[in-house]
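To start, the structure itself, in C-alpha cells.
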Amino acid sequence: MDYLCPQSLKCVTRKRAIVYDNKLVVFKLSAHSLCLNLLSFSPFCAPSLSPAAMDATDEERPLLPLQSQDVGSEYTRDGSVDINKEPALKHSTGNWRACFLILGVEFCENMTYFVISRNLVTFLTTVLHESKVDAARNVSAWVGACFLTPVVGAFLADTYWGRYWTIVVFLPVYITGMLIVTVSASLPMFSTSSEHGNVHRSVVYLGLYLAALGSGAMKPCTSSFGADQFDSTDLEELPKKASFFSWSFYMTTVSTLLSSTVLVWLQDNVGWGVGCAIPTVFMIISFPVFIAGSRVYRFRNLGFSPLKSLCQVIVAAVRKCHLQLPENKSLLYEPSNSSSTTEASHKIQPTNQFRFLDKAAIVLPPSDETCNKPMSSWSLCTVTQVEELKILLRMFPTWASFVIFFAVNGQMSSTFIEQGMAMDNHVGSFAIPPASLTIIAVLSVLVLVPVYEIISVPLVKHFTGQDKGFSHAQRIGIGLSLSMIMMVYAALLEMKRLAIVQSSGLADHNVAAPMSILWQTPAYFLQGVSEIFSCIGAYFNTFVLGAVAVITTSSGAPGWIPDNLNEGHLDYFFWMMATLSLLNLAMFVYSSTRHRENTAS
C-alpha cells in the first residue's frame, strides 16, 4: 500500500503530463487503463491503433531536449530491463529484432478479431438460426465485450503483471476461444441435428466470449509493448518508435483487409470451419514464436496504476465528507518539494468545480495515535490527483456524445450486413459476401487520411487559423454530422429497396430484392470518413435493438427488423438512429461551447 506522511508532506512524485484544451495540465494517465479507448471503440479503428499505443507514444515523448548518449553506452538509459531483471543491453535486446515478433502477434490477433466481427451476424442467422434482431443485438453485445475487457488487461499490465506476461496469459485464452468456435462450426453433428441446438449455441457463445476476453486483454498491451523496445533517451532509437507505429498500422490494416475479403469469402462459400480455422492456426503458431523472443525483449518496471489513483481520490473524499473545506486552497495537500523542475511543473492548481472532491486533499492535524504513523494514500491525496479526476469528469459530456456515434457505427457489422443479405450481391458471375463491403470503410480511411493531412489541412487553416485546420471539437462535430448523414442515406436506401420489393410482388417472400448491393457503398464510405474526423456505444446499441424489437412487435406485427426484411421496416430503424444522431450532435455542440466559455472565464 502507498503511504504519505503528513508531517513531512513528502510523497512519491509521479511524472504525468497530457495536453487538455491546448494546455499541459495532467499526468501520464494510461487511457487504456480506464477503458477510455475512445478513439478506438469502433469496428475499424480499435484494433488498428489502440489507446495503449497512443499512450505509449505520449508517455515516452520527451518533455525536455534529449541529451545525446555516449556512443559507447552499453545499456539503455530509460530504465528498461531484460527477462532476468538486469539492465537491458542495447546491442542484444529490443529494437527491430524484438518488434518483428510483436508485430506478428498483433497481425494474428487483429486478423482473428475481424474474421469474427465482420461476419458474425451472418453466422448467427444462417448457422444458429437466430432472428435478425437477436443476431444484431448479440453482435453488438459481443463487440461491446471486446472493448470493455481491455480494462482487465490494462489494469493487470499496469499494476501486477506487465505487458509481456499479460500477453502470455491471455493469448492462450484467445486461442482456446477460437478452437471452440472452429470446432463448433465444423462438427456435422451440430449442423444436422436439431437436438443439439441449445448445446451448439452455448458452445459457440462460450468460445466467442473467451475470444473477447483474450482479444480485449491483449489490445492495450501489444502496441505499447512494441514501443517499449525502443529507448526514448536514445536519439537513434527514438525515430524508430514512430516507424514502429507506422508499421503497426500497416500490418493491422493488411490483416483487416485479409479478414474482410478472403476469409469472409471462405466462410460464405467453403465453410465456416475453414474460415475460422485459418486465423486460429496463425494464432497457435504466434504463441511459441512470441515466447521464443523472450530473451531479446525489453521490459519496463511496473509503475503506479492511474485507475488506482483516481479511486483513491473518491475513497478519500467520501471518508472526509463530514469535514468542511478550508477557504484558503493553499492549505490543501500538495507537496512543495520536488526532485525535478519538470515534475514540479506538472502540478495542477485547484479549481472551483466539483469542490466535494477537494476534501480528499484536506490534511488532518496529527493526533497522538497517528503522529508516528504514515497516512495512507487512501485517506490523503494530492491536489494534482484531485484535479486529474476533475478533468476526466469535465470531459464526460464529450465522451457521452460518442455513445450514439459508435452505436450508429455498430450498424456496419449488424443491420447493414442484414440489409445486404436482402439485396442482389452478384456483380457479373461473382457473388460479393455482404460482410466484405466493410472494406470500403477501411479503404476510405487509408486514402482520405493522407488527402486530409496533405491537402485539406493547409487549405482550411488559412480560414480557421488552426494549425491542424479544424479544432478538435470541430473535427468531432464533422464526424458526428457525417454519421447522421450515413444513417439518412441508409434509411433512404431501405425505402427504395422496399419499394422495389412491393412493385415486384416479393413482400411475402424471404428473398433478395432485385437491387444491387453496391448501393450500400456510399454508406460504408461515409462511415469511414466519419471515423477520420471523430476517431461504448456497442452496449447502447444492444439496448436500442432490444427495445425496438419489444415495442414494434407488441401488437402482433412483424416488427421493424423481422426475419424477412421484406415484411419489416428497417428504414424506420435507420431514421430513428439518424434522429438520435441529430440530437447527439446538438448535445455535443452545446457541451463543447459551454466548456469553451467556462475555460475562457
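Residues Phe170 and Thr149 form no side-chain contact, since every pair of their non-hydrogen atoms from C-beta on lies 4.5 Å or further apart. By the 4.5 Å heavy-atom criterion applied to side chains, Gln267 and Val115 are counted as neighbours. Using a 4.5 Å heavy-atom threshold, the side chains of Val181 and Leu210 count as separate. Between Leu103 and Phe244, some side-chain heavy-atom pair lies under the 4.5 Å cut-off. Side-chain contact check for Thr126 versus Met421: some heavy-atom pair is nearer than 4.5 Å. When side chains are defined from C-beta on, Ser215 counts as touching Lys219, because their heavy atoms get closer than 4.5 Å. In this structure, the side chains of Val264 and Thr438 stay at 4.5 Å or more apart for every pair of heavy atoms. In this structure, His569 and Leu498 have side chains that are in contact, with non-hydrogen atoms separated by less than 4.5 Å.
No more than 12 heavy atoms of other residues, nucleotides or ligands shown are found within 6.0 angstrom of CH2 on Trp519. When the shell of 6.0 Å around OH of Tyr205 is examined, it contains more than 12 heavy atoms from other residues, nucleotides or ligands. No more than 12 heavy atoms of other residues, nucleotides or ligands shown are found within 6.0 angstrom of CZ on Phe282.
In terms of modelled atom types and a separation under 3.5 Å, the side chain of Glu387 and the main chain of Thr351 share a donor-acceptor contact. Side-chain N or O atoms of Ser504 include none that pairs as donor or acceptor with a backbone N or O of Val501 at under 3.5 Å. No donor-acceptor pair closer than 3.5 Å links the side chain of Asn425 to the backbone N or O of Gly420.
Distance CZ/Arg137 to CD/Glu130: 9.0 Å, rounded to 0.5 Å. Note that CG of Leu582 is 11.0 Å distant from CD1 of Ile485, once rounded to the nearest 0.5 Å. Interatomic distance, Ile417 CD1 to Gln419 CD, rounded to the nearest 0.5 Å: 11.0 Å. Between Ser436 atom OG and Leu263 atom CG the span is 9.5 Å, to the nearest 0.5 Å. Rounded to the nearest 0.5 angstrom, Leu120 CG and Leu208 CG are separated by 5.5 Å. Separation of atoms CD1 (Ile404) and CZ (Phe588) is listed at 14.0 Å; rounding is to 0.5 Å.
Shown here for Gly273 and Ser186, the closest heavy-atom pair between the two residues is CA-OG, 3.2 Å. Minimum heavy-atom separation, Val488 to Ala578: CG2-CB, 3.8 Å. Nearest approach of Ser184 to Val203, heavy atoms of both residues: CB-CG1, 3.8 Å. Between Thr256 and Phe114 the shortest heavy-atom distance is OG1-CE1, 3.2 Å. Shortest non-hydrogen contact noted between Thr521 and Ile440 is O-CG2, 3.8 Å. Nearest heavy-atom pair across Leu506 and Pro514 is CD1-CD, 3.9 Å.
If you check the side chains of Arg118 and Ser259, you find no donor sitting under 3.5 Å from an acceptor. A donor-acceptor contact closer than 3.5 angstrom is absent between the side chains of Glu109 and Thr222.
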Worksheet item: Do Val139 and Glu418 pass the side chain to side chain contact (heavy atoms under 4.5 Å, CB included) test, and can you show the C-alpha distance, the side-chain angles, and the key distance before you say yes or no?
Response: CA-CA 12 Å; Val139 168; Glu418 291 177 345; over 6 Å; no
Discussion item. Walk me through whether Met487 and Leu580 qualify under side chain to side chain contact (heavy atoms under 4.5 Å, CB included).
Written reply: CA-CA 10 Å; Met487 294 312 303; Leu580 289 176; over 6 Å; no
Practice prompt. Using the side-chain hydrogen bond (donor to acceptor under 3.5 Å, both in side chains) rule, take Glu106 and Thr252 through it: C-alpha gap first, then chi angles, then the decisive distance, then the call.
Written response: CA-CA 7 Å; Glu106 191 172 28; Thr252 53; 5.9 Å; no
Fill in: Tyr524 and Leu443: CA distance, side-chain angles, deciding distance, side chain to side chain contact (heavy atoms under 4.5 Å, CB included) verdict
CA-CA 10 Å; Tyr524 285 107; Leu443 294 176; over 6 Å; no
Discussion item. For Arg497 and Asp571: C-alpha separation, side-chain torsions, deciding distance, then whether side chain to side chain contact (heavy atoms under 4.5 Å, CB included) applies.
Written reply: CA-CA 9 Å; Arg497 193 193 69 84; Asp571 53 332; over 6 Å; no
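Between Phe416 and Phe574, the ring centre distance stays below 6.0 Å. Remark: aromatic rings of Phe573 and Trp560 are distant, center separation not under 6.0 Å.
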